Number of protein chains: 2
Amino acid sequence: MGRRREDGAGHRPNGTPSPQPRRRPTIQDLARAAATSPSTASRALSGNGYVAADVRARVLEAAERIGYVPDINARTLRNRRSRAVGVLISDLRNPFYANLAAVIEQQLRSAGYHVIVVNNDGEQHAEVEGARTFLAVRVSAAIITPVSDRAVHMLMDDGVPVVQADRMVDGLTTDGVLVDNVQGARRITDHLIGLGHTRIALLIDETGWTTGAGRLAGYRAALRDAGLPMDPDLVVPTRFQPDTAREAVTALLDRRPDVTALFAANNRLAEGAFQALQEGGHRMPDDISLVAFDDVPWMSMVSPGITTVDQHTDDLGRACAQLVVDRIAGGAAGHMTVRYIEPSIVLRGSTAPPRTSPATPVHPDPGPAAAAPSA
Amino acid sequence: MGRRREDGAGHRPNGTPSPQPRRRPTIQDLARAAATSPSTASRALSGNGYVAADVRARVLEAAERIGYVPDINARTLRNRRSRAVGVLISDLRNPFYANLAAVIEQQLRSAGYHVIVVNNDGEQHAEVEGARTFLAVRVSAAIITPVSDRAVHMLMDDGVPVVQADRMVDGLTTDGVLVDNVQGARRITDHLIGLGHTRIALLIDETGWTTGAGRLAGYRAALRDAGLPMDPDLVVPTRFQPDTAREAVTALLDRRPDVTALFAANNRLAEGAFQALQEGGHRMPDDISLVAFDDVPWMSMVSPGITTVDQHTDDLGRACAQLVVDRIAGGAAGHMTVRYIEPSIVLRGSTAPPRTSPATPVHPDPGPAAAAPSA
DNA sequence: CTGTTAGCGCCTTCAC
DNA sequence: GTGAAGGCGCTAACAG
């Protein structure tokens with residue numbers, strides 16, 4: 001068990017084997033091993049330019065033999081373009097984003113790109129920092145679920161193609177893939193209306209992005225088209241955190257016991273809403289119906305299952321990857337494209353006709369049970 | 001609305017504004033803008049070496065003004081080390097891995113690293129490809145939930161420090177962070193035994209990794225220590241997919257209606273088990289108790305909630321990031337460290353004493369209800 | 001078809 | 001305290 005040679009083979013304890021790490025074979029070494037020149041070796045590997053068949057074979061064999069791995073940094077420096085794509089995502093802990101990231105990574109990997117992932121945690125600061133990183137590594141494109149337009153613009157200004165995913169903060173100047181939020185929200189609200197619900201509350205955390213704005217618009221459109229009154233008191237603002245949502249729902253049902261259906265605008269809010277209903281002893285769907293935007297695994301595990309809008313996250317991710325690949329290949333050619341994913345409704349057990357008669361007077365009486373303050 | 005100048009400011013349509021993208025300012029440009037030399041500018045930015053205070057200020061100001069972003073590729077090429085860390089994870093769609101990735105990314109980002117994420121989807125091929133990518137970009141370390149030892153060894157052989165996460169395929173030569181699977185499995189099995197269960201089935205998909213092996217060992221140890229018989233028929237092998245697990249559980253309960261408790265070795269298997277129990281009309285915890293290894297969100301949403309082993313994924317991820325940072329800082333110094341995360345038990349509603357008397361005859365009668373075929 | 005040359009942007013000696 | 005010079009590894013001209 002003597003000392004290992006510095007350039008020896010075999011597994012050394014965790015990396016950094018010696019004061020100075022073993023020099024990795026360069027294309028020079030490869031050329032030497034294949035008895036040719038670096039440029040020929042380069043051509044043989046990349047497929048650009050002419051190389052005699054036997055020489056190419058020799059180079060490939062030698063590369064395999066000496067374990068040559070091209071240095072992407074050198075290549076990027078030289079070519080001024082990389083095979084890296086930056087992915088700036090809000091929160092990997094949220095299954096929606098995790099899925100999105102997974103699909104994007106998978107697609108881009110199979111297209112020969114690798115992915116640099118930055119979580120922005122919903123914070124502009126982190127987002128901008130992420131964009132800087134992307135610029136610094138010369139990514140050839142970026143996919144962003146934007147928090148603000150800062151990052152998007154930073155990248156565009158330096159000529160980096162951007163795809164905005166799930167929402168757009170700047171609809172004019174980049175490609176994007178969006179879910180048809182208006183349609184999804186409208187259809188799931190229609191579903192409730194069709195069951196006979198007339199007092200449907202919307203639990204929503206933001207209306208400043210295309211997502212929240214669209215969902216609110218769809219909800220309103222459905223009510224309007226059905227000739228139902230639009231009661232502002234039933235649009236319940238909340239923070240993004242499930243806990244806050246839970247409290248908001250509890251307060252709502254306290255204040256407005258006449259509500260027969262609840263629409264949570266995303267999966268996190270649905271979590272809070274579901275908990276609030278369970279804790280409050282409101283039975284779904286008997287006492288109240290619950291629907292959500294964005295289908296995530298727990299919604300099909302609970303009883304009753306949650307009726308929800310499936311955003312087809314896989315399609316969303318695939319479309320993002322595709323746009324990125326096209327844009328890289330096509331350069332600036334062509335106008336910006338914004339793709340819409342058509343969501344679908346998944347019916348589960350959390351929705352049913354309201355217990356009381358669906359026929360409601362035009363000026364509904366809140367019911368004798370609660371003395372709702374008129375605030 | 002004339003043509004835009006090639007080097008003009010303002011937002012251009014999605015990147016690649018012109019045939020030849022605008023040249024980004026280099027350190028030369030920065031030096032010029034700050035009326036100094038590139039080397040001084042470099043020193044001013046990096047903090048290495050002497051720079052007069054006023055000159056440094058000038059450089060920083062100029063950098064801000066002209067929007068200078070150092071080229072990481074050039075820097076890495078020159079330094080032969082990057083601020084990139086490779087993260088090779090099994091499946092971002094699984095909340096366990098998603099969480100792990102999220103924590104790791106967050107920690108490393110705040111330590112000044114960026115993260116290249118590769119999903120291996122449980123396949124060796126993808127894993128090896130990922131390792132090649134990491135080598136190619138000269139990551140300064142990698143965190144891997146390993147599928148095989150190939151990737152681990154490839155990286156080590158080239159001097160890249162590796163941290164194995166969640167499981168180890170090579171326990172001797174790299175750092176690692178593991179969950180104490182034996183202890184976790186033992187304790188949750190103990191919990192069942194304490195409730196009076198004697199016929200406890202284990203649903204498990206692999207025993208070749210440290211995870212499965214440890215969980216099996218813990219389960220066995222608990223039975224042994226309690227003096228309970230170890231019935232091989234109750235160790236139910238399955239594939240990883242929830243569907244397969246579901247079928248396996250259905251088959252098990254068909255074959256062995258005397259089973260009063262089920263232990264699913266991970267969150268995916270628990271999903272299948274939970275579904276199988278619901279579909280089969282087995283009520284938890286009255287008819288059967290269910291426990292799982294790995295706490296994920298749906299387990300606290302369903303009713304009854306699932307009693308489970310919390311792996312403290314956040315601690316796991318933080319420890320990985322910490323080891324990586326230490327290893328990069330410390331070079332090869334010091335021996336390999338393997339940290340263990342001590343899991344804890346989360347009691348929920350899915351466990352209760354078995355319905356029939358806990359006192360069981362030594363040669364248990366399967367019960368008259370089912371005519372279980374003796375296959 | 002092949003080899004030589006030059007330079008991508010940066011950092012770090014080294015001389016001043 | 002500062003600047004000039006060279007080279008990290010690669011590939012796209014260009015000349016043979």
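In what follows, every chain begins at residue 1, and chains take the letters A, B, ... in the order their sequences are listed. Values reported hereafter were calculated over all heavy atoms of this structure, with side chains retained and with hydrogens, waters and symmetry mates removed. Keep in mind that what you see is a predicted model, and the values were worked out from it rather than measured.
- Checking the phosphate oxygens (OP1, OP2) of dG9(C), no side-chain nitrogen or oxygen of Thr26(B) falls inside 4.0 Å.
- Atoms CZ (Arg75(B)) and C1' (dG9(C)) sit 10 Å apart, rounded to a whole Å.
- Residue contacts shown for Thr36(B) are limited to sugar-phosphate atoms, with no base heavy atom under 4.0 Å away.
- In summary, of the residues considered (Asp175(B), Val325(B), Val163(B)), a side chain to side chain contact (heavy atoms under 4.5 Å, CB included) with Cys320(B) occurs for Val163(B) alone.
- Between the side chains of Arg43(B) and Thr36(B), no donor-acceptor pair is found at a separation under 3.5 Å.
- Taking atom CG of Asp71(A) as the reference point, atom P of dG9(C) lies 16 Å away to the nearest angstrom.
- Just one of Leu77(A), Ile72(A), Thr76(A) meets the side chain to side chain contact (heavy atoms under 4.5 Å, CB included) condition when paired with Leu77(B); it is Leu77(A).
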Could I get a table of every N or O pair under 3.5 Å where one atom is in the protein and the other is in nucleotides 12-16 of chain C?
unit_1  : atom_1 : unit_2   : atom_2 : d
dT12(C) : O4'    : Arg78(B) : NH2    : 3.0

Mind running side chain to side chain contact (heavy atoms under 4.5 Å, CB included) on Arg93(A) and Val103(B) for me, showing each step along the way?
CA-CA 9 Å; Arg93(A) 268 167 273 240; Val103(B) 176; 3.6 Å; yes

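- The closest side-chain heavy-atom distance from Leu60(B) to Leu45(B) is below 4.5 Å.
- Look at CZ on Arg138(A): it is 8 Å from P on dG9(C), rounded to the nearest Å.
- Residue Arg80(A) places none of its side-chain N or O atoms closer than 4.0 Å to OP1 or OP2 of dC8(C).
- Separating the CG atom of Leu77(A) from the C1' atom of dG7(C) is a distance of 9 Å, rounded to the nearest angstrom.
- No side-chain heavy atom of Ile89(A) sits under 4.5 Å from any side-chain heavy atom of Glu105(B).
- Read 5' to 3', the first and last nucleotides of DNA chain D with an atom closer than 4.0 Å to a heavy atom of chain B are dG1(D) to dG9(D).
- Direction of the helix axis in the helix from dC1(C)-dG16(D) to dC16(C)-dG1(D) shifts by 40° between the two five-pair termini, rounded to 10°.
- Contact annotation: the side chain of His153(A) approaches that of Met156(A) to within less than 4.5 Å [non-hydrogen atoms, C-beta and beyond].
- Under a 4.0 Å N-O distance rule, the pair Asp71(A)/Arg24(A) does not qualify as a salt bridge.
- In this entry the distance linking CD1 of Ile27(A) with P of dT2(C) reads 14 Å, nearest Å.
- Checked by atom type and distance alone, the side chain of Asp29(B) pairs as donor or acceptor with a backbone atom of Thr26(B) at under 3.5 Å.
- In the displayed structure, Arg132(B) atom CZ is contacted under 6.0 Å by at most 12 heavy atoms of other residues, nucleotides or ligands.
- The distance between atom CG of Asn73(B) and atom C1' of dC11(C), rounded to the nearest whole Å, is 15 Å.
- Between Ala74(B) and Ala52(B), the residue anchored nearer the 5' end of DNA chain D, judged by the nucleotide with its closest heavy atom, is Ala52(B).
- Side chain to side chain, Arg167(A) and Ser90(A) meet the donor-acceptor criterion of an N or O pair below 3.5 Å.
- One interatomic measurement links the two molecules: OH of Tyr68(B) to C1' of dC11(C), which rounds to 10 Å at whole-angstrom precision.
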